[in-house]
Every structure is written in C-alpha cells, then in structure tokens.
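The structure appears right after this line, and notes come after that.
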Amino acid sequence: MSKKLNKTHYFDDVYDVVRAVPRGRVTTYGTIANFLCLGSARMAGWALNKCQGALPPVPAHRVVNRKGELSGRLMFEHPTKMQELLEAEGVQIENNAVVDFDQKYWHPEESLS
DNA sequence: CCAATGACGACTT
DNA sequence: GAAGTCGCCATTG
C-alpha cells in the first residue's frame, strides 16, 4: 500500500483509514492527520466533509474531535444521524460526546497488527 | 491575488 | 485547571 501523499488526493488515504475503524470504535481527526502526516487536523476534517459522496461510503460518524465530541454531527444528512449510528454500534453518547472515549479510542496502528 | 473560513489541535495566559 | 489565542493547510468568496 504505497502512500502517494499526493496532497490533491490525500483524502483517499483518509477514507481508507476511517473505513478501517472497527465497528464500535472511534478515532480523532488529529490522529488520522498525524498518521498520514497531513500536517493539520483540519485537513482530515475537511476531507471527511466531502466523504458523503465518496464510494464506498465512509463511516465518518466514527471520527470525532480530540475531545470526543461529535463536532461534525451537524454536517450529516440529519443532525442526529451521527449519534444514532454510534449508539447503534454500541458507542454511548452523552452530551454530544463519546462516553469512555479513551476506551473506545482507536489508533490506525492497531490495523497494522 | 488577498482575505476569511473550517467536521482541529496544541500552546499560552 | 479553564479559557483564550495562534497555527495548520486547503477551499471558497
């Protein structure tokens, strides 16, 4: 899996990492950005903003900010869709934030095994 | 071309 | 320890 790091297509790498997130787990923008060496967590979030039209669909609901808050829930088709999806996967949401975020936190290196 | 914004993060006060 | 400020890089106005 050679990482091209083509800044014009880096969001493809972001999608790949987000798709690798196991069900019931969550990760952060900064982690993805750091893993892909994007240099800014904003780039990861920006890429996910367009993930809605990406195929296959990207489980962006599994990506939250450093605080574990569902910062992008308003960007979904429905503001509550993100929380519903997370709860459906066993992730408890409290005050728009992931419960036991440290426990649900997932790192791309885990996928490397 | 310049300025402002953004699904963020880390540092400083 | 909490709140505020600056920095990152790309897109849009």
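All of these numbers come straight from a predicted model, not from anything done at the bench. Quick note on labels: first sequence line is chain A, next is B, and so on, each numbered from 1.
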(Q) Taking the C1' atom in each of B:dA7 and C:dA3, what is the distance between them to the nearest angstrom? (A) 22 Å
Taking the P atom in each of C:dT5 and B:dT5, what is the distance between them to the nearest angstrom? 15 Å
Hits for side-chain contact (heavy atoms from CB on, under 4.5 Å) against A:P22, two or more places apart or cross-chain, chain-then-number order -> A:R25, A:W106
Contacts of A:N34 meeting side-chain contact (heavy atoms from CB on, under 4.5 Å) (sequence neighbours excluded), chain-then-number -> none
Give me the residues of [range] where at least one heavy atom lies under 4.0 Å from an atom of DNA chain B, by number, or none.
range	answer
residues 69-85 of chain A	A:S71, A:G72, A:M75, A:F76
residues 87-98 of chain A	none
residues 49-57 of chain A	A:N49, A:C51

Heavy-atom nearest pair, A:V91 first then A:G24, reads CG2-O, 3.5 Å
Besides A:M75, the hydrophobic cluster formed by Ile, Leu, Val, Met, Phe, Trp and Tyr side chains linked at under 4.5 Å, directly or via other members, contains none
I need the [atom1]-[atom2] distance between [X] and [N], as an integer number of Å.
X	N	atom1	atom2	result
A:I32	B:dA7	CD1	C1'	11 Å
A:L38	C:dA10	CG	C1'	11 Å
A:L48	C:dA10	CG	P	16 Å

dist A:L38:CG -> A:Y10:OH (nearest 0.5 Å) comes out at 6.5 Å
Honestly curious: do A:V17 and A:V26 fall in one hydrophobic cluster under the side-chain, below-4.5 Å linking rule?
no
Check every strand shown and say whether A:A60 touches a base, only sugar-phosphate, or nothing at a heavy-atom separation below 4.0 Å.
base
Please check if atom CD in A:Q52 has more than 12 non-hydrogen atoms from other residues, nucleotides or ligands closer than 6.0 Å.
yes
Hits for ring-ring contact (aromatic ring centres under 6.0 Å, His included) against A:F76, two or more places apart or cross-chain, chain-then-number order -> none
By salt bridge (Lys or Arg N to Asp or Glu O under 4.0 Å), A:K50 pairs with (sequence neighbours left out) none
Between N or O atoms, less than 3.5 Å apart, protein on one side and nucleotides 9-13 of chain B on the other: list the pairs.
unit_1 : atom_1 : unit_2 : atom_2 : d
B:dG9  : OP1    : A:G30  : N      : 3.2
B:dG9  : OP1    : A:R66  : N      : 3.2
B:dG9  : OP2    : A:R66  : N      : 2.5

With sequence neighbours left out, the residues meeting side chain to side chain donor-acceptor pair (under 3.5 Å) with A:T27 are none
So the salt bridge (Lys or Arg N to Asp or Glu O under 4.0 Å) pairs with at least one residue in residues 69-98 of chain A (sequence neighbours excluded) are A:R62-A:E89, A:E77-A:K81
Residues 84-105 of chain A vs ring pair (Phe, Tyr, Trp, His ring centres under 6.0 Å), sequence neighbours excluded, gives A:F101-A:Y105
Look at the rings of A:H107 and A:F35 and say which category their plane angle falls in: under 30° parallel, 30 to 60° tilted, over 60° perpendicular. perpendicular
